There are 2 protein chains.
Amino acid sequence: MAAGAAAEIAAGDGSRSGKLENLTLWERVHGFLRQEILSNRLPPGTELAEVALAESLGVSRGPVREALGRLATEGLVTVRPRRGAVVSSLSKQEFLEAYQVREALEMLAIRLAVPRTTPELLERLQGLIAKMQDCAGRDDVDGFFELNAQFHRAFVDASGNGRLMELYRQLVEQLGRYRGSSLALRGSLKRSIAEHRTILRAVASGDPDRAAHLLSEHIRVPQRRLEAGDDELFALRTIPPKGEVR
Amino acid sequence: MAAGAAAEIAAGDGSRSGKLENLTLWERVHGFLRQEILSNRLPPGTELAEVALAESLGVSRGPVREALGRLATEGLVTVRPRRGAVVSSLSKQEFLEAYQVREALEMLAIRLAVPRTTPELLERLQGLIAKMQDCAGRDDVDGFFELNAQFHRAFVDASGNGRLMELYRQLVEQLGRYRGSSLALRGSLKRSIAEHRTILRAVASGDPDRAAHLLSEHIRVPQRRLEAGDDELFALRTIPPKGEVR
DNA sequence: CGGCTCCAAACTGTTGACACTCAACACAAT
DNA sequence: ATTGTGTTGAGTGTCAACAGTTTGGAGCCG
């Protein structure tokens, strides 16, 4: 039912940029839908009919089906057996649960990253904090959020643990759709920057436990607010069309 | 290819046990293959051809394909585009990475579980330790391993975090296939029991940080041995040739 | 007027067939 | 003997069609 502007998934033209795209059809559909969902162009609650999608994208139902299956195991859509797929939405409870797991993963990441710290990493983190301050001064909330995400991801990347990176990526993807909520929850940008500085100091001094502890407190700031009960933030996203989830 | 003993997945009779199984075909295939892999009846490295599986199970390639896709995102098989699927095997490095993530998840679990501790939980844990001691006395290593898994899972279940439980289950499933290795790594059963007692005391006294720290040390015992370089344990499972099933 | 039954449209689950790719093997040339 | 090339065959990627189920509503009954 979505708008008709198809993205020409099935295009056979090889002129698309210099990089040769040897992806299978369902992989392209998967990537396309993933982008549509993550960018909130397909908001939570949207029903995804196989035939409609297939026609819209110019492919058969097979690849669409396969793509939906993959998205389901990634948690971006939920399939109700014989009832079709829906862009999944997180309840306040589920959001909180994912947030807790994210905290645990980041703590592991920073513990692993500290002994592997390089001067380049410290420099990069320092640069990110500086840019964050710029954004805070300009009230560029979107920019700040992006930099903040990069800051946190830097530790995960530096951990050297591929499994951890993969899990973290999936988790952040899901939580990212509620960026508005997370941001509103955070409150003062200045305080966040100060916390980042403190964390960076602990990392530079090579103290994994202290860094992990600080990070834990840092992450808990928005979590506590959510627990306190600002449900309205979710009312925006939780679209109760008709079909009830589970 | 593989042996013929099919498991009658496609059976349409509703007489199968009292429990009504309203699962779709691919869900049944998925569950079946999952069991086969986890029980090591399909050892790592086994090539899974769609046509062969489909014929063997009495279904079409569609459901098999879908099941393989799900297993892939769960990490139990790896699909090489246009080359088919293979039962995935963990390298020493990957095993270690997963182990680290498991540690982080369990620490989160015990932190969440401590404030929610009930007398029933403490009693259950106490009972598990007692049974472990029995097994240790009888040199019942398999029994001990099972009880140990239950002990650790108890905290995850008590955490009340559904997402955490799901991730933990998947992780343990994958690591579980290397049970032999993990066991050999652990060494003294008595020491393990003593550590369990100490952890239980910390939980009973309502000290999440201490419990988490103790758990961390407890989990790290086999991890350190693995880091030390006992690769031979993996040689057992890493089947290099293109050997046929059984 | 409200509730129940039955019917039809729509959609998913499944199947079998076709097209295409890649890997291995054989053979020829250096 | 080794390397490069052509061929072949197995097996995946994709499609269109069939069958079963669910949903929503029209019609009937209380």
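Source: prediction; values computed, not measured. Just so it is clear: chains get the letters A, B, ... in the order the sequence lines come, proteins before strands, and each one is counted from 1.
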In whole Å, what is the span from the CD atom of A:E27 to the P atom of D:dG13? 8 Å

Shortest non-hydrogen contact from A:V64 toward A:A54: CG2-CA, 3.8 Å

So, using salt bridge (charged side-chain N to carboxylate O under 4.0 Å, His left out) as the criterion, who are the partners of B:D157 when residues are at least two apart? none

How many Å lie between CZ on B:R80 and P on C:dT21, as a whole number? 19 Å

Nearest whole Å is fine: how far is D:dT14 P from A:L25 CG? 4 Å

Over how many whole Å does the gap from B:L57 atom CG to C:dT14 atom P extend? 13 Å

Partners passing salt bridge (charged side-chain N to carboxylate O under 4.0 Å, His left out) against B:E166 (at least two apart in sequence or in another chain): B:R169

DNA chain D-proximal residues of residues 64-75 of chain A, any heavy atom under 4.0 Å: none

D:dC15 C1' sits how many Å from A:E55 CD, rounded? 14 Å

Once salt bridge (charged side-chain N to carboxylate O under 4.0 Å, His left out) is applied, do any residues pair with A:R111, and if so which ones, sequence neighbours excluded? A:D209

Separation of atom CD in B:E50 from atom P in C:dG16, rounded to whole Å: 15 Å

Do B:Q174 and B:Q170 get their side chains close enough for a donor-acceptor pair, meaning under 3.5 Å? no

Produce the list of close N/O pairs, under 3.5 Å, pairing protein atoms with atoms of nucleotides 21-23 of chain D; give distances to one decimal.
from: D:dT23; atom 1: OP1; to: A:R83; atom 2: NE; distance (Å): 3.2
from: D:dT23; atom 1: OP1; to: A:R83; atom 2: NH1; distance (Å): 3.3

Looking at residues at least two apart in the chain, or sitting in another chain, which of them share a salt bridge (charged side-chain N to carboxylate O under 4.0 Å, His left out) with A:E50? A:R61, A:R65

List for me each residue that meets side chain to side chain donor-acceptor pair (under 3.5 Å) alongside A:E103, sequence neighbours excluded, and say none if there are none. A:S216, A:R220

Counting only side-chain heavy atoms from C-beta out, which of C:dT15, C:dG13, C:dT12 sits nearest to A:V51? C:dT12

With ring-ring contact (aromatic ring centres under 6.0 Å, His included) as the rule and sequence neighbours excluded, what pairs involving residues 35-91 of chain B come up? none

Can you tell me how far C1' of D:dA10 sits from CD of B:E47, to the nearest Å? 12 Å

How would you label the contact of B:G62 with the nucleic acid (heavy atoms, under 4.0 Å): base, sugar-phosphate, or nothing? base

Sorted by chain and number, sequence neighbours left out, side chain to side chain donor-acceptor pair (under 3.5 Å) with A:S60 holds for none

Tell me: CZ of B:R28 to C1' of C:dT14, nearest whole Å? 12 Å

Determine whether any donor atom in the side chain of A:R61 lies under 3.5 Å from an acceptor atom in the base of C:dG13, or the reverse, and answer yes or no. yes

